[in-house]
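Read through the structure below, which is laid out as structure tokens, and then see the notes.
Residue numbering restarts at 1 for every chain, and letters A, B, ... go by the order of the sequence lines. Not measured: the values here are computed from a predicted model. Computation of the quantities below employed the complete heavy-atom set of this structure, encompassing side-chain atoms and omitting hydrogens, waters and symmetry-equivalent molecules.
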Amino acid sequence: MSASDTGDQRILLIDGHAMAFRAFFALPADGFSDGRGQATNAVYGFTRMIINVVASEKPTHVAVAFDLPGGTFRDRIYDQYKGGRDETPPEFVGQIDLIMQVLDALGVRWLTVEDYEADDIIASLAHRTATEGGEALIVTSDRDAIQLVGESVTLLQPVKGVTEMRRMNPAAIEEKYGIPPERYSDLAALVGESADNLPGVPGVGPKTAAKWIVQYGDLPGIIAHAGEIKGKAGQSLRDHIADVERNRLMNAAVLDLELPADPEHYTLGRGDGTVLNALFDELAFGPTIRKDVPADFLAGGADVPQAPARELPPVQRPASAELPELLTSAFGEGAALASDGSWVLGQGDLRRLALATDDALAVLTLADLDDAAERALAAWLEDPEIPKSAHDTKNLAHQARGRGLRIAGWRTDLAIAEFLCRPDQRPTDLAGLTLRHLQEDLQVEAAAAQQELDLGADDGSDAEAEQLGRAADAVLRLERLLRSELEEHAALSLHDDLELPLSAVIGELEATGIAVSDDVLAGLDQEHATKQTEVAESAFSHLDGDRINLGSPKQLQEVLYERLGLPKGRRTKTGYSTNAETLVDLFEKTQHPFLADLLAHRDVTKMRQIIDTLRRFISPEGRIHTTFHQNIAATGRLSSNNPNLQNIPTRTEEGRRIRSAFGNSAGYHALLTADYSQIEMRIMAHLSEDAGLIEAFRSGEDLHRFVASRVFDVEPEEVDGAMRSKTKAISYGLAYGLSAFGLARQLHISQGEATALRDGYFERFGGVRDFLRESVEKARATGYTETILGRRRYLPDLTSDNRQRRENAERVALNSPIQGSAADIIKLAMLRVDELLREKELTSRVLLQVHDELVMDVAEGEEAQVREVVTEGMGSAFELSVPLEVGIGVGPNWLEAAH
DNA sequence: CATATAACGTA
DNA sequence: CGTACGTTATATGC
């Protein structure tokens, strides 16, 4: 049967741009990406829409019309046409082209006509179809199409998003607007269309316009009788007749465009399933949308070939006796690993391990292995020539460590690889990664597979093994995908040569942990507890003994600003701030004794809190094993948690005392701290190549004194404390994208003074100013910032129309190369220090990293050598144009190891 | 019971 | 209205 008999024609006409744009805003741009940074949300939404409409409306023919860039004849009539529109969002760019590719694969004709809009194409085709006795369905959110609706032309208006449509036939139009569709252009001319920048008659909305149309027949009738219309609206109409006539001219659809006339041209059913599938692969579209593509699109009504679900090799559960042979035969070339185990308080436990290759899948239950089998497994795991990958290699190694197994030959850490490609994304577990990149739900897949197994013969398999096997198989496929992505992001070397080897080093130091004295902490806690009661009682005494909750900002607001009537200061989202800065200001103003007690209470409470947290994490062996994460901080720094050992107090005397609890490992002689002196400013000097700053570091003079002497134009020895601290604040502030406002607030000086200070700084250190400006410009052009090792951070917001977002991204762009390069350097240093310790066969070991500092256990008699190791390892980690200086301190504990 | 907010510790 | 984090207690919403 051919649909070329026009009487049977049922043509679907879609406004490509209007619907793509709608899809773009209906779906999150950051939730749909092809994995290469191209957003695909509009493509996905549009595809979804056309699939749904074809499935439900069953058209015989389809055409999609697009606007062309550049003007149309309407712009020549009215130069403000469609003026005042926002710029195209950057994520939308490129999606129209992709939609056209999808349409080609679906075998759907798409059309453009120079000098005309998509509307005109649709109008012409609809008109012709109707004339020839066929039927047309128009899909667009553009209201100009309402005028086209007729007996055989129906409009489908998107209601919500792009998949829900409202059918508009003449009756529906009449009901909604009170006029028939052919009069809608008259109504629109009177009311105006803000989207097209066509102002109508002020004070006249659809109701008034419809009333006039009913009364006078049509627009010419209204204009002819304009003089009779009473009231404000009538006057307004008379004052804007010219606008109305222009609008009517502009909104009239063109019905006679020359377009391919043969209905055959638009016939549905010329799509190519293979091409479509390949394109969906490229777009990273999942299996769901493929399944929903109606066969009507494809030549011969074929089904869309489904991306074949991966046929998993059978899950083997080898007996001990079979394992050695299996490891060499099936997994001799390496495997993807997934495990079921734990690592808590330095205690690891690996229960099950799944191994996957393309052809084999095995799940081992460690407790079931006999000695020979376990030895074979140990040898396989330890073999550095057998490549292995896992979602979180360090964690798997920790679990294995609990069984006395160590793993060598790591090839890819999926979590790290994912992070290097998308540093600003929140980390996700393996199931999340699988969903994101393979569009498969591990849990669902495993459950479905298990059901099939259950129906078949019982082969001793179980649901958990099935799930673990699926996980290992996912690791296998993700590994390939992510390695190619690493290449695309120029991050393969960062993964292979920096982060992955580093994860092994970090694993060692996490497993080692740091000795912490519970007794010392208990003593401190006791002191603070006494003090806490004291200041709390004193605080309550100033409130007529009212025992409010001093830890509740809400209650404090009530007390401070209502009851005591103190002057309100800074605002928070929900009320007035009660933070320390505000309280100190308030105390200086009012000298109210409650404030002093409250501040003291805050301090002492915070201390107790920190102490309490630390104590909860002390293992039975008296050590704290923090976890360092390599995939959290977008700049490339490590982060530490459970507990965080990178924020142990150091600024106040009281706080520092906590550090005295850290140290004295049995068998070790002392603690050593080694830190980089002003590493971020050195990186600034290196990157900016500012002659003055480089000289500052080469002169050996105190940095801030040197810089201050230049800024204030005095001899270095004349620099006083105020000058030095102001200069220091600017130096560091610059690397954070500090504003004059922020600087003024921090230094308690006027904004004018702050501006002058900054200008003076930039005048003497012009290279810094140029560097900062250029690095933002470069990031805007490339879309990302880069560290000295090429670690990228993508900042799409640099081109945002939203000022707040854009300026925030600019500050991030200033800071990331600096903070990130410092992170790169200390990571290199950790690798180097680890290597040197091995070379020299020292027992001393690294315990902690605190961004620019390493904390080490020094073994008896090794202090001199360890000093050499850190001086060399940290000092020569990376060659900058200024020296890297390392400060070293040694003492019985972390407090006394300061320098 | 889970999430949000304000606060505050570090580099 | 400077960057990067983690933890906590309180308050709020389900």
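- Contact between the side-chain N/O atoms of K573(A) and the OP1/OP2 oxygens of dA4(B) is not found at any separation under 4.0 Å.
- Contact check, R570(A) against dA6(B): no side-chain N or O comes under 4.0 Å of OP1 or OP2.
- The pair E537(A)-R547(A) counts as a salt bridge, with a side-chain nitrogen and a carboxylate oxygen less than 4.0 angstrom apart.
- Listed candidates were dG9(B), dG6(C), dC5(C). Nearest to the side chain of A633(A) is dC5(C).
- Of the inter-residue distances, the one linking N395(A) atom CG with E510(A) atom CD reads 9.0 Å to the nearest 0.5 angstrom.
- With rounding to whole Å, N802(A) atom CG is found 12 Å from dC1(C) atom P.
- Residue-to-nucleotide contacts include a donor-acceptor pair under 3.5 Å from the side chain of R637(A) to the base of dA11(B).
- Relative to the ring axis of Y576(A), R571(A) places its NZ or CZ within 45° and under 6.0 Å from the centre.
- For N644(A), counting side-chain heavy atoms from C-beta on, the closest listed nucleotide (dG6(C), dA11(B), dA4(C)) is dG6(C).
- Atom pair Q746(A):CD and dC1(C):P shows a separation of 16 Å (rounding to whole Å applied).
- For the pair R805(A) CZ and dC1(C) P, the interatomic distance rounds to 14 Å; values are reported in whole Å.
- Close to dA6(B), at under 4.0 Å from its OP1 or OP2, lies no side-chain N or O of T578(A).
- Comparing dA11(C), dA4(C), dG6(C) by their nearest atom to the side chain of K554(A) picks out dA11(C).
- Counting non-hydrogen atoms under 4.0 angstrom, I632(A) reaches the backbone sugars and phosphates but no base.
- Atom C1' of nucleotide dT3(C) and atom CG of N647(A) are separated by 16 Å, given to the nearest angstrom.
- Within the nucleic acid shown, I648(A) comes within 4.0 Å of sugar-phosphate atoms alone, with no base atom in reach, counting heavy atoms only.
- When heavy atoms are screened at a 4.0 angstrom cut-off, T650(A) is found touching the sugar-phosphate backbone but no base atom.
- Between dA11(C) and S552(A), a contact under 4.0 Å exists linking OP1 or OP2 to a side-chain N or O.
- At the heavy-atom level, G733(A) lies under 4.0 Å from base atoms of the strands shown.
- Within 4.0 Å (heavy atoms only), N808(A) reaches sugar-phosphate atoms of the nucleic acid but no base atom.
- Looking at the side chain of N641(A), the nearest of the listed nucleotides dC5(C), dA4(C), dT7(C) is dT7(C).
- The phosphate of dC8(B) (OP1 or OP2) has no side-chain N or O of R651(A) nearer than 4.0 angstrom.
- Between D585(A) and R570(A), none of the side-chain N atoms (NZ, or NE/NH1/NH2) sits under 4.0 Å from a carboxylate O, so this pair counts as no salt bridge.
- Between dA4(C), dG6(C), dC1(C), one nucleotide has an atom nearer to the side chain of F741(A) than all others, and that is dC1(C).
- Residue Q555(A) has a polar side-chain atom (N or O) positioned under 4.0 Å from OP1 or OP2 of dA11(C).
- Of the listed nucleotides (dT7(C), dG6(C), dT10(B)), dT7(C) has the atom at the smallest distance from the side chain of N642(A).
- Nucleic acid contact for A580(A): sugar-phosphate only, since backbone atoms but no base atoms lie under 4.0 Å from a heavy atom of the residue.
- Checking dT3(C), dC1(C), dC5(C) against every side-chain atom of Y736(A), the shortest atom distance belongs to dT3(C).
- Rounded to whole angstrom, the span from the CZ atom of F628(A) across to the C1' atom of dC5(C) amounts to 13 Å.
- Contact annotation: N549(A) side-chain N/O to dT10(C) OP1/OP2 distance is under 4.0 Å.
- Across all strands, A740(A) comes closer than 4.0 Å to no nucleic acid atom at all (heavy-atom distances).
- Checking the phosphate oxygens (OP1, OP2) of dA6(B), a side-chain nitrogen or oxygen of T572(A) falls inside 4.0 Å.
- Aromatic ring pairs are classed by plane angle as parallel below 30°, tilted from 30° to 60° and perpendicular above 60°; the pair W894(A) and F662(A) is perpendicular.
- Q609(A) has its CD atom 7 Å from the P atom of dT8(C), to the nearest Å.
- Between dC1(C) and dT5(B), the two P atoms lie 15 Å apart (nearest whole Å).
- Within 4.0 Å (heavy atoms only), R616(A) reaches sugar-phosphate atoms of the nucleic acid but no base atom.
- Between the P atom of dT8(C) and the CG atom of L614(A) lies a distance of 10 Å, rounded to the nearest Å.
- Between T574(A) and the phosphate of dA11(C), there is no side-chain N or O to OP1/OP2 separation shorter than 4.0 Å.
- Residues G737(A) and K606(A) both approach DNA chain C. Their nearest nucleotides, taken by heavy-atom distance, put G737(A) toward the 5′ side.
- Closest to the side chain of R602(A), from the set dA7(B), dA11(C), dA4(C), is dA7(B).
- Here R422(A) pairs with E418(A) in a salt bridge; the nearest charged N to carboxylate O distance falls below 4.0 Å.
- Taking atom NE2 on H629(A) and atom C1' on dA4(C), their separation rounds to 15 Å, with Å as the unit.
- Using a cutoff of 4.0 Å between basic side-chain nitrogens and carboxylate oxygens, R791(A) and E499(A) are scored as salt-bridged.
- At the phosphate of dT7(C), neither OP1 nor OP2 sits under 4.0 Å from any side-chain N or O atom of T613(A).
- A salt bridge between D690(A) and R710(A) is absent, with no side-chain N of the basic residue lying under 4.0 Å from a carboxylate O of the acidic one.
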